[in-house]
Amino acid sequence: MHPVQTESQTVGIGNKPLKTLCLQYFRRYAPEMVQKRGGITVVLICEKWSVSKKRQYILTYHGPSKTWKKKYKGKTHYLVYSPSKSDREKYREAVDKWNRIKAEIDAGEYDAEKERLASEKKRLVSVTKSGRQKGRRRYNPRQISNCIKKFLEFKQGEVNSKQITPSRLKSLQYALVPFGDRFGDVQINQISEREIEKFRNEQSKRVARNEIKPSTLDHYFRAIRQFFLWAWKNRLINERPRNLSDLKVKILPRKVDLFTPDEIQALVDGIGQENLDPKWQSRAGPQVDHTILEAAILLGLNCGYTQMDISTLRVGDCQFRKRPPRVVKRRSKSGVPMEHLMWKRTKSFLEKHCNGKKQSDLVFTRSDGKPIVPFSIDKDGNIVGGRSDWMGDKFKRLVQRVLGGDDPRRMRELRKTGADFVKQREVGIEKLYLGHTDSSMSGRYTKPAQKALDGVLCFMEMDFGFTDKLQPYYSKRVRQ
């Protein structure tokens with residue numbers, strides 16, 4: 001190696017003299033400073049070469065998208081993807097691209113859509129090439145994560161055809177999350193009985209740690225059994241794991257919390273703005289409008305309606321001219337036809353809310369005109385929604401204000417209270433009251449005992465304090 005000579009005075013870098021620097025260093029990082037002069041290698045060094053200068057950028061690095069960009073004439077142009085700001089090759093590529101784009105803009109020849117399509121084509125080629133290099137298949141129809149997506153798409157079709165509700169679809173989606181997290185990358189035909197047993201034990205330990213309730217675990221297991229049945233029908237698996245029937249949990253019967261007639265009357269008397277806390281009595285608007293609470297109590301007891309049943313009740317379902325007047329509709333959950341005799345107070349209440357409306361209009365809506373339980377259509381044309389606690393929260397606050405702040409009873413206890421009263425009066429009629437399907441053999445060949453239910457509802461109206469005189473629609477056997 002020839003000695004280093006300079007045209008200026010000898011300088012150093014840090015505490016090291018210039019003679020200790022290797023010539024290879026300059027050839028690698030500063031080749032423009034190394035020259036051949038008369039057979040001697042000369043390094044041109046200025047006096048302040050050791051002082052680093054800040055690099056000047058004509059482009060801006062966008063950190064979140066890791067892209068070089070440039071704003072010109074009020075428009076931002078995203079140029080080239082760069083994994084880091086220090087990648088000089090990507091920066092030079094972005095500068096070359098910007099010089100081309102700027103020249104086209106100044107000449108009035110720039111086509112933004114053409115540029116976007118070219119960038120997207122280049123990106124797709126890069127993604128495909130990287131996928132081939134890794135040797136991974138882009139889509140595997142038997143992978144659990146893909147199977148769950150297809151299963152939920154199938155269920156969405158049932159929602160769109162109104163076979164199940166959107167809330168049921170959401171419930172299935174939530175129940176399959178633990179199974180998808182555990183076997184997401186596994187093929188469904190590779191899941192053996194041993195894997196099912198391990199999953200059951202893992203989820204059972206969550207119940208032992210009080211992370212989930214036994215009823216929640218049973219909900220998970222029922223969704224998994226339904227998922228495997230769908231996969232078997234679609235020939236994704238030749239046979240189902242034989243121990244799928246072991247995925248079940250014994251649920252202990254819960255204590256039934258019912259309302260007494262005195263509590264029902266206390267709730268009815270507690271409806272109204274004058275019964276609110278003094279700080280709320282001066283307010284107006286939908287927050288203090290308790291009209292829907294009277295509908296919840298009357299229809300919840302008289303007809304055994306849920307929040308969804310009340311939300312979907314239409315004017316044509318209220319048949320005031322029949323003798324006796326009835327509410328005739330299909331249950332929103334199962335589609336089973338239901339007929340309930342109207343109490344006198346129920347009739348007058350519904351007539352007031354049906355007055356001036358069309359037969360196809362909803363009887364009850366929110367203050368903005370939307371249904372109590374709203375449904376909508378997403379961008380893909382699927383029915384979504386179907387879950388709301390608007391009415392339930394109002395009723396819960398009424399119960400806690402009237403019967404105590406620690407009272408856990410909710411709106412569904414009205415339906416349970418009515419069903420218990422009907423059963424105590426006439427065994428077997430509670431299915432007709434609740435809108436449950438009579439799956440017995442006799443139920444296939446006989447008509448529903450509608451007169452018996454009418455008589456029980458007449459006595460319920462009087463026993464719960466809504467009238468002092470029985471309506472003349474009851475049989476002697478029910479009266480005794």
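All figures in this text were calculated on a predicted structure; none of them were measured in a lab.
Side chain of Thr417 to main chain of Phe259: a donor-acceptor pair is present (N/O by atom type, distance under 3.5 Å, no hydrogens or angles). Proximity of a side-chain donor or acceptor of Lys416 to a complementary backbone N or O of Asp257 within less than 3.5 Å is not detected. In this structure, Tyr61 contributes its side chain and Ser82 its backbone to a donor-acceptor pair below 3.5 Å. Checking side-chain atoms of Asp317 against main-chain N and O of Arg314 turns up a donor-acceptor pair under 3.5 Å. Remark: side-chain polar atoms of Thr346 are not paired, donor with acceptor, to backbone N or O of Met342 under 3.5 angstrom. Within the 3.5 Å criterion, the main-chain N or O of Thr306 finds a donor-acceptor partner in the side chain of Asp309. Counting only distance, with no hydrogens or angles, the side chain of Gln265 and the backbone of Asp262 share no donor-acceptor pair below 3.5 Å. Side-chain N or O atoms of Glu197 include none that pairs as donor or acceptor with a backbone N or O of Asn243 at under 3.5 Å. Panel note: side chain Arg330, backbone Val336; no donor-acceptor pair is recorded below 3.5 Å. With Glu461 contributing its side chain and Lys344 its backbone, the two residues share a donor-acceptor pair below 3.5 Å.
In this structure, the side chains of Phe395 and Leu267 come closer than 4.5 Å at one or more pairs of heavy atoms. Between Cys354 and Val315, the closest side-chain pair of non-hydrogen atoms falls below 4.5 Å. You'll find the side chain of Ile372 stays beyond 4.5 Å of the side chain of Thr365, heavy atoms only. Inter-residue side-chain proximity for Ile264 and Leu414 is flagged as met; some heavy-atom pair is nearer than 4.5 Å. Contact of the Thr312 side chain with the Val373 side chain is not registered, since no non-hydrogen atoms from C-beta on lie closer than 4.5 Å. Within the 4.5 Å cutoff, side-chain heavy atoms of Arg168 are placed close to those of Leu172. Considering only heavy atoms from C-beta on, Trp230 comes within 4.5 Å of Leu236 through its side chain. Contact check for Val328 versus Pro337: no side-chain heavy atoms found under the 4.5 Å cut-off.
Heavy-atom neighbours of Lys155 NZ from other residues, nucleotides or ligands within 6.0 Å: above the threshold of 12. Sparse packing is recorded around CG of Asn238, with 12 or fewer heavy atoms of other residues, nucleotides or ligands lying under 6.0 Å away. A 6.0 Å sphere centred on CZ of Arg209 holds more than 12 heavy atoms belonging to other residues, nucleotides or ligands. Within 6.0 Å of NZ on Lys357 lie more than 12 heavy atoms contributed by other residues, nucleotides or ligands.
With Tyr305 as the aromatic partner, Lys329 meets the cation-pi criteria of under 6.0 angstrom to the ring centre and within 45 degrees of the ring axis.
Note: Arg415 CZ to Leu301 CG = 12.0 Å, rounded to the nearest 0.5 Å. The distance from the NZ atom of Lys248 to the CZ atom of Arg225 is 7.5 Å, given to the nearest 0.5 Å. From Tyr81, atom OH reaches atom OG of Ser65 across 9.5 Å, with rounding to the nearest 0.5 Å. Rounded to the nearest 0.5 angstrom, Met462 CE and Cys458 SG are separated by 9.5 Å. The distance from atom CZ of Phe464 to atom CG of Leu298, rounded to the nearest 0.5 Å, is 12.5 Å. Taken to the nearest 0.5 Å, the CD1 atom of Ile188 stands 11.0 Å off from the CZ atom of Phe183.
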- Task: Start with the C-alpha distance between Arg345 and Thr467, add both sets of side-chain angles, then the distance that settles side-chain contact (heavy atoms from CB on, under 4.5 Å), and finish with yes or no.
- Result: CA-CA 8 Å; Arg345 183 163 178 173; Thr467 185; over 6 Å; no
- Query: Given Leu350 and Phe320, is the side-chain contact (heavy atoms from CB on, under 4.5 Å) satisfied, shown in steps?
  - Reply: CA-CA 9 Å; Leu350 291 177; Phe320 302 107; 3.9 Å; yes
- Query: For Phe199 and Ile191, what are the C-alpha separation, side-chain angles and deciding distance, and is it a side-chain contact (heavy atoms from CB on, under 4.5 Å)?
  - Reply: CA-CA 11 Å; Phe199 178 77; Ile191 296 181; over 6 Å; no
- Apply side-chain contact (heavy atoms from CB on, under 4.5 Å) to Asn302 and Leu457, showing your working. CA-CA 7 Å; Asn302 189 173; Leu457 292 178; 4.2 Å; yes
- Given side-chain hydrogen bond (donor to acceptor under 3.5 Å, both in side chains), test Asp454 with Gln450 step by step and report yes or no. CA-CA 6 Å; Asp454 293 346; Gln450 189 62 49; 3.3 Å; yes
- Task: Test side-chain hydrogen bond (donor to acceptor under 3.5 Å, both in side chains) on Asn160 and Gln156 and set out the steps.
- Result: CA-CA 6 Å; Asn160 296 337; Gln156 180 66 60; 3.1 Å; yes
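Looking at every heavy atom in both residues, Leu398 comes nearest to Gly270 through CD1-O, 3.8 Å. The two residues Ile310 and Ala296 have their closest heavy-atom pair at CD1-CA, 3.8 Å. The heavy-atom pair separating Ala419 from Leu434 by the smallest distance is CB-CD2, 3.7 Å. The two atoms that bring Trp390 and Arg366 nearest to each other are CB-NH2, 3.7 Å, heavy atoms only. In terms of heavy-atom proximity, Val159 sits nearest to Pro166 at CG1-CG, 3.7 Å. Scanning both residues, Pro241 and Glu193, for their nearest heavy atoms gives CA-OE2, 3.6 Å.
Using a 4.0 Å cut-off between a side-chain N of Lys or Arg and a carboxylate O of Asp or Glu, Arg409 and Glu263 qualify as a salt bridge. Ion pairing of Arg397 with Asp393 is absent here, as no side-chain N (NZ or NE/NH1/NH2) approaches a carboxylate O to less than 4.0 Å.
A side-chain contact (heavy atoms from CB on, under 4.5 Å) with His436 is found for one member of Arg331, Met338, Glu430 and no other, namely Arg331.
A perpendicular orientation is assigned to the rings of His62 and Tyr78, their planes being inclined by more than 60° (bins at 30° and 60°).
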